[in-house]
Every structure is written in C-alpha cells, then in structure tokens.
Amino acid sequence: MSSGPDLSAVLDERRRLINVAYRLLGSLAEAEDAVQETYARWFALSRRQQEAIASPGAWLTTVAGRICLDVLGSARVRRERYVGSWLPEPLPDRDEWLGGRADGGRAGSTDPADQVTLDESVNMAFLVVLESMTPAERVAFVLHDVFRYPFAEIAEIVGRTPAACRQLASSARRRGGAGAARVPAVRTTGQAAGQSAGQAGHAGQAVLVRRFKEAWEARDIKALVGLLDPDATMVADGGGMVGTVLRPVEGGADIAQYLIHIADKAPGLRLLERTVNGVPGLVAQYRGVTVTVAAFGLAADRDGRADRVDRIWAVRNPEKLGPWTWTED
C-alpha cells in the first residue's frame, strides 16, 4: 500500500513558495496569504488525489503561481485607488534583528521574513522594475530568469504555450530595460552564506549610506546635496495612513531640503543603519517606533564605484512595516 506523499516534504516546500510569491507580488503579507491558500487547496484534496500527484512540489508551485497571477491582476486595480505611490514591502536581514524582534528572536520562528532569501532579485530597485510588467510577463520573467523554471512548466501556470511564455519573458526584459538584466538564481538554502557574500559586495554602498545618515543627522544640507545625484528621485509610500509626499520629489537639492524639513519636524528622530532587502539602507525610529524604512539606489562613477544616491524609496505605510516593528530597548 502506498503511504502517499511525505507530509514533511510537502511542508518543506513552504520556504521556496514564500520566495517565489514575494518576488511575484512584492508584498510579504500577500505572499503569505497566497502560500496559505496553496496549502489549503493541497489539504482539501483526498488522499487518493494526493497520491496521484507525481511531484507535490511542482503541483504546489503551479497552484501558488496561479494564485499569484490572480492577485497581480486584481492588484493593478487596487493600486489605481492607492493613495500616493505604491512601493514593495521592505524586508529586514534576519541576523540583524534577532535581539530586538517582537518575538524575542525565538528559535524556530515562522515569520515569513525569516524565510525569504535576500539577494539581487529582492532589492528595491529590482522589485520596482517588476512593477512595470504585466502580470503574465512578471510571472514568466520571475519564474524563468530568477528561479530558472522551464517554460513548459510556466505554461501550466499562465495558461499559454511555452513559446508564448518565452515571448512574455522577453517582453518583460525589454519593458524593464537595464533593471531587468539577468540575475543570479535564487538560493533558498544556505541563506547565511549568500548574505555574507552580498554584504561583502555592498561595502561601498554601506559607506555611502553611513555618510548620508551622518549628514542627515547633522542637518548638513550642503553635505546631503553633495551625496545626492542632481537628478535623484525620492518616492515615499504612506498608503494614505501617515503624512508623506504623494508625488516623487525630484532633484538632489529639493530632496535634501525635504529631508532637513522632516528632521526639524521630528526632533529626536533616530536613524539606524540596517540591511533593507539585502542591501544597506536606513531605518527611522520616532519615540521608539519604526516609522520609515528607506532603501537606496546608487549611481556609480567611471570606475564602477557607488559615489552618489540617485534613488530613495521610503516606505512609511504602517501596514508594510510589520517585520520592522520593534525597539532597540
């Protein structure tokens, strides 16, 4: 008699599914919901139906992909009604937060943020590029270029031929431009090793972010302007729940003035250097509460070294700061 699919093996797919869903949706909360729904459908199958599935992992991926495709379609409508700019949900580096997490850093935490591999495919710049793609393009591009799924499997998810899925991925690359350049395959195991390599590769950005933090704390507008590209852009996401600019702030000088204005309005604002989606960023706390998570895009000099900030993505919507709600004390 067949014992059926191994339950632990089925549940072990969760981390991979969370990684796929977060990159497809740009929202940790929505990714968690999609994966929960995927497992609900699996456990709704009869024992005989489960035993008839040759590859439970492939089945789970297909179902999760279809759910994400549906969510992406409805998300486009919801985001048309969104107040101000919509940004992806930022993720912390788990190792930086173990001492201050709301759960006390307990071993075995099931927080989805602990399960997302932080690499080039989750930095804010890349996720913002993904937002420019149609739902079908995004699914084809992410699954093929990021997770290396064959087009034959992707076709099962989007309901098109493998050739059509190849065209979708190609169209996504063109739509995304340079930002959609091929990225390394995601590693959903050995996360710590991948993060160490990433941290070493972002040493230059860490130095620049630190200088930016120090200039902001000192309210040194001249230093801030010097660290910002003249054509820099800052986008803030408050979701209509907190006060923030509703349109992008453009130009290094205007951004610097805005940041000084914010500092003056919130005396005691505390800036912390933290990893945001795998790269150095800043977290702002006011009266012990995390109020902003900022990710940075950098312009490089002729030698390829990061020398100025050309993009700032500031997430202020409290609903997107769940993994960051903690205090140092």
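A donor-acceptor pair under 3.5 Å links the side-chain atoms of Thr290 to the main chain of Trp324, judged by distance alone. In this structure a side-chain-to-backbone donor-acceptor pair under 3.5 Å is present from Asn277 to Val122. Side-chain N or O atoms of Arg219 include one that pairs as donor or acceptor with a backbone N or O of Ala263 at under 3.5 Å. In this structure a side-chain-to-backbone donor-acceptor pair under 3.5 Å is missing from Arg160 to Leu168. Judged purely by atom type and a 3.5 angstrom limit, Asn19 uses its side chain to pair as donor or acceptor with the backbone of Gln115.
Between Tyr39 and Arg14, the closest heavy-atom pair is OH-N, 3.0 Å. Leu271 and Ala284 get closest at one heavy-atom pair: CD2-CB, 3.8 Å. Closest heavy-atom contact between Leu118 and Pro92: CD1-O, 3.6 Å. The two residues Met124 and Pro88 make their nearest non-hydrogen contact at SD-CD, 3.7 Å. Taking both residues in full, the closest heavy atoms of Val315 and Pro90 are given as CG1-CD, 3.8 Å, listed atom of the first, atom of the second, then distance. Closest approach of Val116 and Tyr22 over heavy atoms only: CG1-CD2, 4.1 Å.
The 12-atom threshold is exceeded at CZ of Arg66, counting heavy atoms of other residues, nucleotides or ligands nearer than 6.0 Å. With a 6.0 Å radius and a threshold of 12 heavy atoms from other residues, nucleotides or ligands, Arg166 has its CZ atom at or below the threshold. Around the CZ atom of Arg210, the shell of radius 6.0 Å holds no more than 12 heavy atoms that belong to other residues, nucleotides or ligands. The local environment of CD in Glu319 is sparse, with at most 12 non-hydrogen atoms from other residues, nucleotides or ligands closer than 6.0 Å. Heavy-atom contacts from other residues, nucleotides or ligands closer than 6.0 Å to CZ of Arg78 number more than 12.
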request  = Before giving the answer on side-chain contact (heavy atoms from CB on, under 4.5 Å), spell out for Leu298 and Val309 the whole-Å C-alpha distance, their side-chain angles and the decisive distance to 0.1 Å.
outcome  = CA-CA 4 Å; Leu298 306 183; Val309 173; 3.8 Å; yes
request  = Evaluate the side-chain contact (heavy atoms from CB on, under 4.5 Å) criterion for residues Val225 and Lys222: first the C-alpha distance (whole Å), next the side-chain angles of each, then the deciding distance (0.1 Å), finally the verdict.
outcome  = CA-CA 5 Å; Val225 171; Lys222 182 177 180 180; 5.9 Å; no
key: Verdict with supporting geometry, Asp33 and Val71, side-chain contact (heavy atoms from CB on, under 4.5 Å)   = CA-CA 10 Å; Asp33 289 344; Val71 172; over 6 Å; no
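The distance from the CD atom of Gln50 to the CZ atom of Arg47 is 6.5 Å, given to the nearest 0.5 Å. Taken to the nearest 0.5 Å, the CG atom of Leu24 stands 7.0 Å off from the CZ atom of Arg138. Separating the CG atom in Leu87 from the CH2 atom in Trp313 is a distance of 9.0 Å, to the nearest 0.5 Å. Remark: Thr38 OG1 to Phe43 CZ distance equals 11.5 Å, nearest 0.5 Å. If you take OG1 on Thr292 and CG on Leu321, they are separated by 7.5 Å, rounding to the nearest 0.5 Å. For the atom pair CD of Glu89 and CG of Leu28, the computed distance is 5.0 Å after rounding to the nearest 0.5 Å.
No side-chain heavy atom of Met234 sits less than 4.5 Å from a side-chain heavy atom of Leu228. Between Pro318 and Val242, the closest side-chain pair of non-hydrogen atoms falls below 4.5 Å. Side-chain contact check for Leu130 versus Leu127: some heavy-atom pair is nearer than 4.5 Å. Side-chain atoms of Val63 and Trp42, non-hydrogen and from C-beta on, never get closer than 4.5 Å to each other. Between Arg287 and Val289, the closest side-chain pair of non-hydrogen atoms is not below 4.5 Å.
Using the six-membered ring where Trp is involved, His144 and Phe151 have ring planes that are parallel, under 30° apart on the 30 and 60° scheme. Ring geometry for Phe212 against Trp216 counts as perpendicular: the plane angle is over 60°, on a 0 to 90° scale with 30° as the lower cut. Ring geometry, Tyr258 versus His261: the interplanar angle falls from 30° to 60°, so the pair is classed tilted.
A salt bridge is absent between Glu131 and Arg175: the closest approach of a Lys/Arg side-chain nitrogen to an acidic carboxylate oxygen does not fall below 4.0 angstrom.
Think of Val83 as one node in a network of Ile, Leu, Val, Met, Phe, Trp and Tyr side chains linked at under 4.5 Å; its network also takes in Leu246. Grouping Ile, Leu, Val, Met, Phe, Trp and Tyr residues whose side-chain heavy atoms lie under 4.5 Å apart, directly or via other members, leaves Met241 alone, with no other cluster members.
Between the side chains of Asp119 and Ser121, at least one donor N or O sits under 3.5 Å from an acceptor N or O. A donor and an acceptor atom, one from each side chain of Ser170 and Arg174, are located under 3.5 Å apart.
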